[in-house]
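Quick caveat, the model's predicted, so the values are computed rather than measured. Both ligands and their constituent atoms are indexed starting at 1 by order of listing.
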Amino acid sequence: MAVLVTGGAGYIGSHMCWLLEEAGEDLLVIDDFSTGFQWALPDSAKVYEGDVGDQELLAQIFKENDVDAVIHFAGSIIVPESVENPLKYYLNNTAKSRSLIEACVTAGVDKFIFSSTAAVYGDPEVVPVDENAPLKPLSPYGTSKLMTELMLSDVSNAHNFRYTALRYFNVAGADPKGRTGQSTKNATHLIKVACEAALGKRGHLGIFGTDFDTPDGTGLRDYIHVWDLASAHYLALKRLRTGAGSIVMNAGYSDGYSVRQVIDAVKAVSGVDFEVREEPRRAGDSPKVVAQNTRILAELDWKPEYNNLPKIVEHALNWEKKLSLRNSL
Ligand SMILES: NC(=O)c1ccc[n+]([C@@H]2O[C@H](COP(=O)([O-])OP(=O)(O)OC[C@H]3O[C@@H](n4cnc5c(N)ncnc54)[C@H](O)[C@@H]3O)[C@@H](O)[C@H]2O)c1
């Protein structure tokens, strides 16, 4: 029995693949390498290069392999790009997820884990935000993910199909063993960008908004270590294997750090006092987005190992250094 990871060559997907390999699972990957890298994958992965919306290819994968479950990471993830080009997001995140879900139902693959996002909440009224909060995405990216959640819910009511949607908060850090990390070009994630500034890969770092209603005026976010996130997926898979029902869960630590706190942590861990510029708020940025995580702790018996900002930064920085060496070869 194999696990099919879509988008396995990407940032989060590649960590999932290494974790599944360590767990001794048979591993299949489908990726079009639009933002992912084949070198990020363990050698044991059987890789299908192609589009997650290609139903012929999916049918072939399901025919050639005994697939137990699908973990679906493939998608487009840049919020401002989704505002400029919403149809790209409704195609790649929503329509292609629909094709994948249909291929699963047709092939009788009944376990599905989906990468959702805290962006489905938009600007939450109550923080920490729980799973029952109103769903009011502020961008086509968030809406494209919410639409997939809605499809999954309807399909699980109609067919022999159970899913877990994990709503990730801010994913950060890298594999503690240094095998993979966030390698995306032009990434916008704060910790990665701050590490790039510390290593001189960019001239300065911008803080967008210093007048929010937060303790130091900058945005508050819940940073979850990517390895803890991958282990939450594996526990979610084990839960589905017990026959448990469909569920939606926040994936975060329930701790908020401000942009300034993150920058201070990167400066402290790297020992580099890089330039920081204060810039106006960006449209659509919420002051505080922090997870209520009681459901995932209870349902999965999840015991995060890296809920520690300096540790997250250390792993991200180590990866960024490795990436510089790789790119200079
Ligand atoms: N990074 C975060 O902080 C974050 C937060 C919330 C949710 N998510 C979700 O997690 C998932 C993974 O994000 P990531 O940060 O690893 O992004 P990423 O860009 O590193 O990975 C996406 C992977 O999917 C592949 N891909 C994209 N479209 C595809 C297609 N049509 N067919 C086949 N492969 C395709 C890419 O080549 C890449 O390997 C996404 O669905 C994203 O929306 C990420």
Side-chain angles (χ1 to χ4, degrees), residues 4-18 28-41 45 47-58 61 70-79 81-82 88-100 103 112-121 137 139-149 152 165-175 180-193 221-230 232-233 248-252 289 291 312 316 319 323:
L4 174 64
V5 179
T6 79
Y11 169 43
I12 306 169
S14 61
H15 290 82
M16 186 76 244
C17 289
W18 282 103
L28 307 170
V29 170
I30 177 170
D31 202 298
D32 66 359
F33 301 111
S34 50
T35 58
F37 304 91
Q38 179 131 18
W39 52 253
L41 290 164
V47 180
Y48 291 86
E49 179 168 359
D51 194 311
V52 79
D54 179 346
Q55 288 198 325
E56 260 179 48
L57 175 61
L58 291 168
I61 295 173
V70 170
I71 309 184
H72 179 34
F73 295 99
S76 301
I77 70 158
I78 303 168
V79 173
E81 183 190 48
S82 79
K88 172 177 175 179
Y89 281 70
Y90 293 126
L91 176 62
N92 209 33
N93 292 355
T94 313
K96 290 184 180 176
S97 293
R98 185 211 162 278
S99 298
L100 173 67
F112 194 97
I113 300 177
F114 173 57
S115 296
S116 191
T117 166
V120 298
Y121 298 117
S139 65
Y141 168 71
T143 307
S144 71
K145 291 284 179 172
L146 177 55
M147 288 161 79
T148 303
E149 279 197 22
L152 287 168
L166 293 173
R167 292 178 180 157
Y168 313 162
F169 284 63
N170 287 54
V171 188
D175 174 25
T180 185
Q182 194 173 17
S183 312
T184 332
K185 294 187 179 77
N186 307 319
T188 52
H189 299 67
L190 176 62
I191 292 182
K192 178 167 175 79
V193 170
R221 295 289 181 275
D222 189 335
Y223 295 90
I224 174 173
H225 193 293
V226 63
W227 195 260
D228 281 337
L229 181 62
H233 285 71
V248 176
M249 291 184 282
N250 284 342
V289 188
I312 293 175
W319 179 253
L323 206 55

> Under 4.0 angstrom from ligand 1, any heavy atom of Ser116?
Replying inline: yes
> Short list, please: which atoms of ligand 1 are under 4.0 Å from a heavy atom of Gly50?
Replying inline: 32 (N), 33 (C)
>> Measuring only between side-chain heavy atoms, which start at C-beta, is Val226 closer than 4.5 Å to Gln182?
In response: no
> In the protein, which heavy atom is nearest to atom 28 (N) of ligand 1, and how far is it?
Replying inline: Asn92 ND2, 3.0 Å
>> Under a 4.0 angstrom heavy-atom cut-off, which atoms of ligand 1 come close to Gly7?
In response: 23 (C), 24 (O), 25 (C), 39 (O)
>> Is any side-chain heavy atom of Leu28 closer than 4.5 Å to one of Ile61?
In response: yes
> Which bit of Lys145 gets closer than 4.0 Å to ligand 1, counting heavy atoms only: side chain, backbone, both or neither?
Replying inline: side chain
> Is Trp227 close to Asp175 at the side-chain level, that is, under 4.5 Å between some pair of heavy atoms?
Replying inline: yes
> Can you list the ligand 1 atoms lying under 4.0 Å from a non-hydrogen atom of Tyr141?
Replying inline: 6 (C), 7 (C), 8 (N), 9 (C), 42 (C), 43 (O)
> Side chains of Lys145 and Ser115: does their closest heavy-atom pair fall under 4.5 Å?
Replying inline: yes
> Considering residues at least two apart in sequence or located in another chain, which fulfil the side-chain contact (heavy atoms from CB on, under 4.5 Å) criterion with Asp31?
Replying inline: Ala9, Val29, Phe33
> Do any N or O atoms from the side chain of Gln55 and from the backbone of Ser99 form a donor-acceptor pair under 3.5 angstrom?
Replying inline: yes
>> Closer than 3.5 angstrom, by distance alone: can the side chain of Ser139 be matched with the main-chain N or O of Ser82 as a donor-acceptor pair?
In response: no
>> Using a 3.5 Å distance criterion without hydrogens, assess whether the side chain of Asn250 forms a donor-acceptor pair with backbone atoms of Gly252.
In response: no
>> Give me the nearest non-hydrogen protein atom to atom 34 (N) of ligand 1 as residue plus atom name, then the distance to 0.1 Å.
In response: Asp32 N, 3.1 Å
> His15 and Phe73: aromatic ring centres closer than 6.0 Å?
Replying inline: no
> At a non-hydrogen distance cut-off of under 4.0 Å, which region of Phe37 contacts ligand 1 (side chain, backbone, both, or neither)?
Replying inline: neither
> What class does the angle between the rings of Tyr121 and Phe169 fall in, given that below 30° is parallel, 30 to 60° is tilted and above 60° is perpendicular?
Replying inline: tilted
> Which ligand 1 atoms are under 4.0 Å away from a heavy-atom of Thr117?
Replying inline: 6 (C), 7 (C)
> Taking side chain as C-beta onward, heavy atoms only, is Trp319 less than 4.5 Å from Ser183?
Replying inline: yes
> Counting from 1, what ligand 1 atoms have a heavy atom of Phe33 closer than 4.0 Å?
Replying inline: 37 (O)
> So which heavy atom in the protein is nearest atom 37 (O) of ligand 1, and how far is it from that ligand atom?
Replying inline: Asp31 OD1, 2.7 Å
> By number and element, which atoms of ligand 1 are closer than 4.0 Å to a non-hydrogen atom of Gly36?
Replying inline: 36 (C), 37 (O), 38 (C), 39 (O)
>> Suppose I only count heavy atoms of Ile77 and a 4.0 Å limit; which atoms of ligand 1 are within that range?
In response: 13 (O), 15 (O), 17 (O), 40 (C), 42 (C), 43 (O)
>> Using a 4.0 Å heavy-atom cut-off, which part of Lys96 comes near ligand 1: side chain, backbone, both, or neither?
In response: side chain
>> Donor-acceptor pair, distance only, cut-off 3.5 Å: does the side chain of Thr143 make one with the backbone of Pro137?
In response: no
>> For atom 11 (C) of ligand 1, tell me which residue out of Phe114, Tyr11, Phe73 has the closest non-hydrogen atom.
In response: Phe73
> Does an N or O anywhere in Gly8 fall below 3.5 Å from an N or O of ligand 1?
Replying inline: no
> Which protein non-hydrogen atom lies closest to atom 22 (C) of ligand 1, naming both residue and atom, and how far is it?
Replying inline: Thr35 OG1, 3.8 Å
> To which protein heavy atom is atom 16 (O) of ligand 1 closest, and what is the distance rounded to 0.1 Å?
Replying inline: Ile12 N, 2.8 Å
>> I'd like to check His189 versus Ile77 (side-chain heavy atoms, cut-off strictly below 4.5 Å). Are they in contact?
In response: yes
> How far is atom 32 (N) of ligand 1 from its nearest protein heavy atom, and which residue and atom is that?
Replying inline: Val52 N, 2.9 Å
> Does Val79 offer a backbone N or O that forms a donor-acceptor pair with the side chain of Tyr89 under 3.5 Å?
Replying inline: no
>> Using a 4.0 Å cutoff against the non-hydrogen atoms of Ser115, which atoms of ligand 1 qualify?
In response: 9 (C), 10 (O), 11 (C), 41 (O)
> With a 4.0 Å cut-off on heavy atoms, is Ser34 touching ligand 1?
Replying inline: yes
> So which protein heavy atom does atom 5 (C) of ligand 1 come closest to, and at what separation?
Replying inline: Phe169 O, 3.7 Å
>> Within the structure, is a non-hydrogen atom of Ser14 found at a distance of less than 4.0 Å from ligand 1?
In response: no
>> Suppose we measure from atom 8 (N) of ligand 1 to each protein heavy atom; which comes out shortest, and what is that distance?
In response: Tyr168 CD1, 3.4 Å
